[in-house]
Amino acid sequence: MTIVDTPERRQLRELTRAFVTREVLPHLDDWERAGEVPRALHATAAKIGLLGIGFPESVGGSGGDLLDSIVVTEEIIRSGGSSGLVAALFTHGIALPHLVAAAGRTGGTLGARLGGGPAPGDDDLVDRYVRPTLAGTMIGALAITEPDGGSDVAAIRTTARRDGDHYVVNGSKTYITSGVRADFVTTAVCTDFPGSGELSLLVIDKGTPGFTVGRRLEKLGWHCSDTAELSFVDVRVPVSNRIGEENTGFLAIMQHFAAERLSLATQAYATAQRCVELATRWCRNRATFGRPLASRQLVRHRLAEMHTRAESARAYVHEVAARVAAGEPVVTEVAMAKNVAVAACDQVVDQALQLHGGFGYLRDAEVERHYRDARILGIGGGTTEIMNEIIAKGMGL
Ligand SMILES: Cc1cc2nc3c(=O)[nH]c(=O)nc-3n(C[C@H](O)[C@H](O)[C@H](O)COP(=O)(O)OP(=O)(O)OC[C@H]3O[C@@H](n4cnc5c(N)ncnc54)[C@H](O)[C@@H]3O)c2cc1C
């Protein structure tokens with residue numbers, strides 16, 4: 001029994017596992033080759049309530065909290081899915097929370113409304129973007145990172161100049177998950193001079209004149225997750241598409257980083273757990289010099305250490321997630337949870353591949369995909385080094 005293990009969550013695990021077995025596993029290799037997951041998968045996941053987990057029913061979600069979202073993420077990977085699939089199918093987990101919070105529809109610290117009561121346009125944004133996305137009929141993305149840099153969020157250079165009841169947006173974004181398929185992009189813009197740190201969030205529709213989706217970026221891993229460059233040249237965005245008040249974007253981005261980082265931490269320890277399972281199965285069946293690999297003490301101890309790393313990372317991530325869900329301000333602990341889980345994952349996927357020998361290096365091996373997919377987890381949502389900066393600040397350094 002762990003802190004996230006309740007009868008309802010066990011049911012959620014079963015639902016997720018059945019979904020992955022039926023709807024994902026027969027097609028995942030094809031989607032990896034195609035470079036994206038089909039839109040129909042969003043509708044299927046929405047129909048059984050998976051897409052809406054962690055979002056309140058008042059915005060079209062299925063209810064549940066951060067811990068329920070973690071259960072879904074964990075189970076997708078443990079039942080043979082991948083972190084790339086999570087990134088592609090659950091991009092709304094990073095694209096929507098700012099809209100939901102601005103409309104005052106969530107409780108707790110994560111959902112705290114920034115800058116007073118809901119602004120007039122915020123309910124309208126929920127109807128136009130949040131509901132259809134959670135129903136699986138729209139796809140959203142979150143665009144913060146720019147070609148000049150991603151770690152220094154305050155240095156964003158994409159500008160939005162006010163012109164009557166519109167903003168005129170100029171700039172570019174890169175590495176945007178689901179950017180190729182997205183119908184709308186929650187976009188961080190600078191509403192003062194570039195680099196001033198005065199940020200706002202605008203929802204920008206695909207098809208708006210001047211908004212171009214650039215090339216599909218080819219990557220080491222996360223092959224089923226499309227990633228794009230975005231360009232904005234004199235793009236006119238209605239002021240009613242601004243999320244919350246002007247210049248509250250930086251705080252909103254920072255607040256919602258907690259959930260994104262814990263999702264990435266979950267993807268990391270779950271990938272490690274899955275790789276322990278794969279390696280254990282392999283070592284039981286693979287015989288060398290006349291005996292199964294698993295009969296050798298060196299191999300057994302290696303598996304034991306991998307298992308220990310994965311399980312201790314899981315326990316710590318769960319503890320921090322429970323504190324976040326309870327509204328505790330645990331920014332430092334979230335950063336530590338991400339780094340602990342990513343370090344566990346990096347070590348475990350490497351050793352799991354090694355134990356598979358030559359087969360581990362082949363595309364046919366599931367462990368090969370996890371090895372490639374895992375490398376992004378210490379980069380996305382704030383790098384390991386940026387997490388260390390946060391931890392050092394938390395230590396008073
Ligand atoms: C597959 C993929 C998907 C992504 N999806 C999205 C998305 O959906 N939306 C989005 O907005 N972004 C997305 N990103 C971008 C990601 O968040 C950034 O790549 C990340 O934040 C790092 O930014 P950067 O690449 O500009 O690196 P930089 O900021 O240029 O950093 C380069 C290196 O320097 C280190 N570094 C930087 N500053 C310091 C410092 N002060 N001290 C010590 N070391 C430092 C970093 O840790 C890193 O190792 C994605 C990236 C990838 C690869």
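Indexing begins at 1, ligand by ligand and atom by atom, following the structure's order.
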Requested in this report: For Y167, check ring pair (Phe, Tyr, Trp, His ring centres under 6.0 Å) against everything at least two apart and list the hits.
Outcome: none

Query raised in the report: Residues in ring pair (Phe, Tyr, Trp, His ring centres under 6.0 Å) with H27, at least two apart?
Result: W31

Query - ring pair (Phe, Tyr, Trp, His ring centres under 6.0 Å), paired with H356, selected from W282, Y361, Y371 - result: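 Per the ring pair (Phe, Tyr, Trp, His ring centres under 6.0 Å) rule, the option paired with H356 is W282, out of W282, Y361, Y371.
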
Pairs under 3.5 Å, N/O atoms on ligand 1 and on the protein: can you put them in a table with the distances?
{"unit_1": "ligand 1", "atom_1": "5 (N)", "unit_2": "Y175", "atom_2": "O", "d": "2.8"}
{"unit_1": "ligand 1", "atom_1": "5 (N)", "unit_2": "T177", "atom_2": "OG1", "d": "2.8"}
{"unit_1": "ligand 1", "atom_1": "8 (O)", "unit_2": "T177", "atom_2": "N", "d": "3.0"}
{"unit_1": "ligand 1", "atom_1": "8 (O)", "unit_2": "T177", "atom_2": "OG1", "d": "3.4"}
{"unit_1": "ligand 1", "atom_1": "9 (N)", "unit_2": "L142", "atom_2": "O", "d": "2.8"}
{"unit_1": "ligand 1", "atom_1": "11 (O)", "unit_2": "I144", "atom_2": "N", "d": "2.8"}
{"unit_1": "ligand 1", "atom_1": "11 (O)", "unit_2": "T145", "atom_2": "N", "d": "2.8"}
{"unit_1": "ligand 1", "atom_1": "11 (O)", "unit_2": "T145", "atom_2": "OG1", "d": "3.2"}
{"unit_1": "ligand 1", "atom_1": "12 (N)", "unit_2": "T145", "atom_2": "OG1", "d": "2.7"}
{"unit_1": "ligand 1", "atom_1": "14 (N)", "unit_2": "Y175", "atom_2": "O", "d": "3.4"}
{"unit_1": "ligand 1", "atom_1": "26 (O)", "unit_2": "G150", "atom_2": "N", "d": "2.6"}
{"unit_1": "ligand 1", "atom_1": "29 (O)", "unit_2": "S151", "atom_2": "N", "d": "3.1"}
{"unit_1": "ligand 1", "atom_1": "29 (O)", "unit_2": "S151", "atom_2": "OG", "d": "2.6"}
{"unit_1": "ligand 1", "atom_1": "47 (O)", "unit_2": "T383", "atom_2": "OG1", "d": "2.6"}
{"unit_1": "ligand 1", "atom_1": "47 (O)", "unit_2": "E385", "atom_2": "OE1", "d": "2.7"}

Report task. Mind checking the CE-CG spacing from M387 to L264? Nearest 0.5 Å is all I need. Result ->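 Between atom CE of M387 and atom CG of L264 there are 9.5 Å.
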
Per-pair distances, 0.1 Å, donor-acceptor, side chain in residues 189-200, under 3.5 Å, sequence neighbours excluded:
{"unit_1": "T191", "atom_1": "OG1", "unit_2": "E198", "atom_2": "O", "d": "3.3"}
{"unit_1": "T191", "atom_1": "OG1", "unit_2": "S200", "atom_2": "OG", "d": "2.6"}
{"unit_1": "T191", "atom_1": "OG1", "unit_2": "N247", "atom_2": "OD1", "d": "2.7"}
{"unit_1": "S196", "atom_1": "OG", "unit_2": "F193", "atom_2": "O", "d": "2.8"}
{"unit_1": "S196", "atom_1": "OG", "unit_2": "E198", "atom_2": "N", "d": "3.2"}
{"unit_1": "S200", "atom_1": "OG", "unit_2": "N247", "atom_2": "N", "d": "2.9"}

Query - Partner of V324 under side chain to side chain contact (heavy atoms under 4.5 Å, CB included), chosen from L67, D65, L66 - result: L66

